[in-house]
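What follows is a single structure, written as structure tokens, with notes after it.
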Amino acid sequence: MHYWLFKSEPTCFSIDDLSRRPQQVTCWDGVRNYQVRNMLRDEIKVGDWVFFYHSSCNPPGIAGIMEVIKNGYPDHTAWDLHSDHYDPKSTPENPRWYMVDVKLVSKFSQVITLDQIKNHPKLKKMLITRKGNRLSITPVTVEEWTTLLALSRI
DNA sequence: GCCAACGTTGGC
DNA sequence: GCCAACGTTGGC
């Protein structure tokens, strides 16, 4: 059992978009970074818990919780010519990119803002607070998870 | 819209 | 395999 944080720009895909999906499920496609690909393929497993983080918006922060419901499998948008994430170097025979499926568990009544996270003694070391951190998926520790859950109920 | 950070690309 | 140039991310 592991904990993660997935970033998404809400103008692209928000937690409300997820809540409107059938079964409130989506495949987390479009990752085109090797470090993150490796996490999706090898480390992120069914039953893991995920924070849904809104980036490049005002305010950036954690909007809710998801659960992983399908282990890593090839990201088929990579071989879709019409996809924004098309990558000719990935093929069905030799897939380069992976994704998992996630399901919405809950949306927080209020976003836990990046500012709150940066100012919280137990959270200020989270990878998300580091300037220049460009990984769209990062691991979260148990302590960070429980601290954030408590904050979400305030 | 600026710009720092950093991953990727490609020439050598 | 080095490293400069380039592109992208994402907070501000």
Side-chain angles (χ1 to χ4, degrees), chain A residues 2-21 26-45 48-66 68 71-102 104-141 143-145 147-152 154:
Chain A
H2 291 102
Y3 303 99
W4 308 93
L5 181 147
F6 288 12
K7 282 187 214 174
S8 178
E9 298 188 19
T11 51
C12 177
F13 186 76
S14 71
I15 197 162
D16 290 326
D17 293 327
L18 176 57
S19 74
R20 287 189 288 267
R21 290 289 176 97
T26 188
C27 53
W28 203 264
D29 63 339
V31 169
R32 298 293 180 267
N33 169 285
Y34 288 102
Q35 258 182 281
V36 178
R37 186 279 308 269
N38 293 346
M39 289 190 257
L40 285 167
R41 189 188 56 192
D42 306 328
E43 296 182 52
I44 301 172
K45 296 299 177 188
D48 285 359
W49 296 99
V50 179
F51 284 128
F52 192 133
Y53 180 89
H54 283 170
S55 66
S56 292
C57 58
N58 190 17
I62 297 170
I65 300 172
M66 304 183 286
V68 178
N71 289 341
Y73 63 107
D75 180 346
H76 53 74
T77 66
W79 54 74
D80 174 2
L81 263 174
H82 304 292
S83 168
D84 289 342
H85 305 295
Y86 174 65
D87 179 356
K89 292 174 187 158
S90 185
T91 62
E93 297 72 32
N94 190 14
R96 174 172 295 206
W97 305 113
Y98 282 73
M99 59 189 179
V100 297
D101 286 357
V102 285
L104 182 65
V105 173
S106 71
K107 179 187 165 178
F108 294 160
S109 53
Q110 286 187 306
V111 169
I112 301 174
T113 65
L114 179 60
D115 196 54
Q116 279 178 276
I117 293 167
K118 281 180 170 173
N119 286 306
H120 193 291
K122 289 184 177 170
L123 302 175
K124 57 174 56 168
K125 285 190 185 156
M126 286 186 74
L127 293 169
I128 202 73
T129 64
R130 294 208 195 149
K131 194 171 186 184
N133 170 40
R134 302 162 74 225
L135 297 179
S136 63
I137 293 179
T138 48
V140 171
T141 68
E143 186 183 37
E144 289 160 355
W145 182 271
T147 303
L148 282 159
L149 266 200
L151 276 180
S152 75
I154 292 174

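Below, chain A is the first sequence line, B the second, and so on; all start at residue 1.
Between atom OH of residue A/Tyr73 and atom CG of residue A/Leu40 there is a gap of 10.5 Å, rounded to the nearest 0.5 Å.
OP1 or OP2 of C/dG10 lies within a sub-4.0 Å distance of a side-chain N or O belonging to A/Lys7. Regarding contacts with the backbone of C/dG11, a side-chain N or O of A/Tyr53 is found under 4.0 angstrom from either OP1 or OP2.
Taking atom NZ on A/Lys118 and atom P on C/dG10, their separation rounds to 13 Å, with Å as the unit. Straight-line distance from the CG atom of A/Leu114 to the P atom of C/dT9: 18 Å, rounded to whole Å. Atoms CG (A/Leu127) and P (C/dG10) sit 13 Å apart, rounded to a whole Å. We find that CD1 of A/Ile128 is positioned 11 Å from C1' of C/dG11, with the value rounded to whole Å. Residue A/Gln116 contributes atom CD, which lies 15 Å from atom P of C/dG11 at whole-angstrom precision. Rounded to a whole Å, the CZ atom of A/Arg130 is 10 Å from the P atom of B/dC6. Atom CG of A/Leu135 is separated from atom C1' of B/dT8 by 14 Å (rounded to the nearest Å). At whole-Å resolution of the value, CG in A/Asn133 and P in C/dT8 are 19 Å apart.
With distances taken from any side-chain atom of A/Lys131 to the nucleotides B/dA4, C/dG10, B/dC6, the minimum falls on B/dA4. Minimum atom distance to the side chain of A/Asn33 is reached by B/dG7, of the listed B/dG7, B/dT9, C/dG10. Checking B/dG7, C/dG11, C/dG10 against the side-chain heavy atoms of A/Glu9 singles out C/dG10 as nearest. Side-chain atoms of A/Arg134 lie closest to C/dG7 of the nucleotides C/dG11, C/dG7, C/dG10.
Inspection of the A/Ser90 and A/Arg32 side chains reveals no N or O donor paired with an N or O acceptor under 3.5 Å. Under the 3.5 Å distance criterion, with hydrogens and angles disregarded, no donor-acceptor pair is assigned to the side chains of A/Thr77 and A/Asp80.
Remark: A/Arg37 does not engage A/Asp75 in a salt bridge, criterion side-chain N to carboxylate O under 4.0 Å.
Within a 6.0 Å radius of NZ in A/Lys45, other residues, nucleotides and ligands contribute more than 12 heavy atoms.
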